[in-house]
Q: 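One structure follows; several queries about it will come next.
In what follows, every chain begins at residue 1, and chains take the letters A, B, ... in the order their sequences are listed. Every value quoted in this text rests on a predicted model; they were computed, and no experiment measured them.
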Amino acid sequence: MKLNERSVAHYATCDSPTDHAGFLHKRVERHHHHHHHTTSYHRRWFILKGNLLFYFEDRESRDPLGLVVLEGCTVELCEAAEEFAFAIRFDDAGAKAYVLVADCQATMEGWVKVLSRASFDYMRLVVRELEKQLEDARKSLAACHKSPRKSSSGRKSGYIPAGTSCSDHDGGCPKPPPLPPRRRLAAGSGCGALATGLSLTGQESPVSPETACFSKLHNWYGQEIAEIRREWVQGSVGQCPSHCI
Amino acid sequence: TAPALHPPLLNALFFAVLKKRLVKLVVNFLFYFRTDEAEPIGALLLEHCKITKEEENVFSISFIEEPDRKYSFECDTEEQCQEWIEALRRASYEFMRRSLIFYRNEIQKMTGKDPLEQYGISEEARFQLGTRKL
């Protein structure tokens, strides 16, 4: 699968606003040929920009090792052997989950909170809410400033009754936009969720076919880089292929 | 609501060869497919990109760090071309962030209140003006 990797890497490392950053341990499952697998953790430098979570080998790395698109996913606390573990799980059943471990409770909570609201959809929701509020504010302001001398044919004009305040949205405080609906937890996953700050709408959204595109993208990106590194380590590649960055 | 972009089939000019591709805009990614396949063959992340109207029915996408490299798309009609340009220009997360900051500012100026406070997200770095890299 092709991607404009150079642009992606540039976006990841340039000066555009970074929404969160820090070290986390990322779980890696290794499958051995004797049908058992080991679990290990790699310490990685994570950067969140918008709905994209990038991770790097370390803070000074020029190119990301991987990219997670935070659409169609839930972020939950994880009951793992490790303390301060949380998981990013996707609606797409075939997509692998990401299990991340923070170094303390505060760090973990910070990440879970910010990742839960990182989706494009959530941002779009908030923007629409504000768009509406601005519209309402403009209407109120226009009503207040309407000149009483203006004669409008057939239209009501007049004085604002005393007591009405333009800048006060007293009646009907706008509700905060709900967080994206919680998806159904995978059976037997035994994962909990932060009670505060996450609104449980009880709504289940169907798996979006588009989110499957993102899991493929994650896999491709991760594999490509892993393969290149493997080759480099094994010394079988003299120089980096031209298509990689 | 996002405009329904139809038909999604565009003639995509990659490396000067015009190929018919199924193109799907999903959040800030443009996925493209060979018309008969279910899996995308590629994607473009639409951040820090410039959408340019080229000749009739044609627009191009280029990226900030490589302005001369253009991904060109030919539409069936000029109207369709405009639709795509509009949609793609609004497709980035960064565009939404800027819109949000703008609305927040305007509302604050008009009402004296920060609209994000009630949502408990007023302190988040991504909503501040002039956010610097952490």
Q: Determine whether L217(A) and F31(B) satisfy the following criterion, side-chain contact (heavy atoms from CB on, under 4.5 Å), listing intermediate values before the conclusion.
A: CA-CA 10 Å; L217(A) 201 150; F31(B) 285 99; 4.0 Å; yes
Q: Under 4.5 Å heavy-atom distance to chain A, tell me which part of F95(B) shows up: side chain, backbone, both or neither.
A: neither
Q: Give the intermediate values and the outcome of side-chain contact (heavy atoms from CB on, under 4.5 Å) for residues M96(B) and F120(A).
A: CA-CA 9 Å; M96(B) 281 205 303; F120(A) 194 92; 3.6 Å; yes
Q: What is the distance from atom NE2 of H48(B) to atom NE2 of H10(A), rounded to the nearest 0.5 Å?
A: 8.0 Å
Q: Please report the closest heavy-atom contact between M123(A) and R97(B), naming both atoms and the distance.
A: CE-CA, 3.6 Å
Q: With chain B, which of L3(A), V114(A), V69(A) has the greatest number of heavy-atom pairs at distances under 4.5 Å?
A: L3(A)
Q: For E66(B), is it the side chain, the backbone, both or neither that has a heavy atom under 4.5 Å from a heavy atom of chain A?
A: side chain
Q: Give, for atom OG1 of T111(B) and atom CZ of R138(A), the distance between the pair rounded to the nearest 0.5 Å.
A: 12.5 Å
Q: What closest approach, in Å, do N4(A) and L45(B) show between heavy atoms, and which atom pair accounts for it?
A: OD1-N, 2.9 Å
Q: Nearest 0.5 Å, what's the CD-OG distance between E47(B) and S16(A)?
A: 7.5 Å
Q: With sequence neighbours excluded, what pairs up with F84(A) under the ring pair (Phe, Tyr, Trp, His ring centres under 6.0 Å) test?
A: none
Q: I want to know whether Y11(A) and F63(B) have ring centres closer than 6.0 Å.
A: no
Q: Relative to chain B, which segment of L52(A) carries a heavy atom at a distance below 4.5 Å: side chain, backbone, both, or neither?
A: side chain
Q: For K53(B), I'd like to know if atom NZ has over 12 heavy atoms of other residues, nucleotides or ligands within 6.0 Å.
A: yes
Q: How many angstroms lie between atom CD of E131(A) and atom CG of L100(B), to the nearest 0.5 angstrom?
A: 10.5 Å
Q: Of the backbone (N, CA, C, O) and the side chain (C-beta and beyond), which part of I41(B) lies under 4.5 Å from a heavy atom of chain A, both, or neither?
A: backbone
Q: For the residue pair P115(B) and Q133(A), what are the closest heavy atoms and their distance?
A: CB-OE1, 3.5 Å
Q: Is there a side-chain contact between Y93(B) and P17(A), using heavy atoms and a 4.5 Å cut-off?
A: no
Q: Which heavy atom of A137(A) sits nearest to which heavy atom of M110(B), and what is that distance?
A: CB-SD, 4.0 Å
Q: How many angstroms lie between OH in Y103(B) and NZ in K132(A), if you round to the nearest 0.5 Å?
A: 13.5 Å
Q: Does E106(B) form a side-chain contact (heavy atoms from CB on, under 4.5 Å) with L130(A)? I'd like the steps, not just the answer.
A: CA-CA 10 Å; E106(B) 290 295 299; L130(A) 292 202; over 6 Å; no
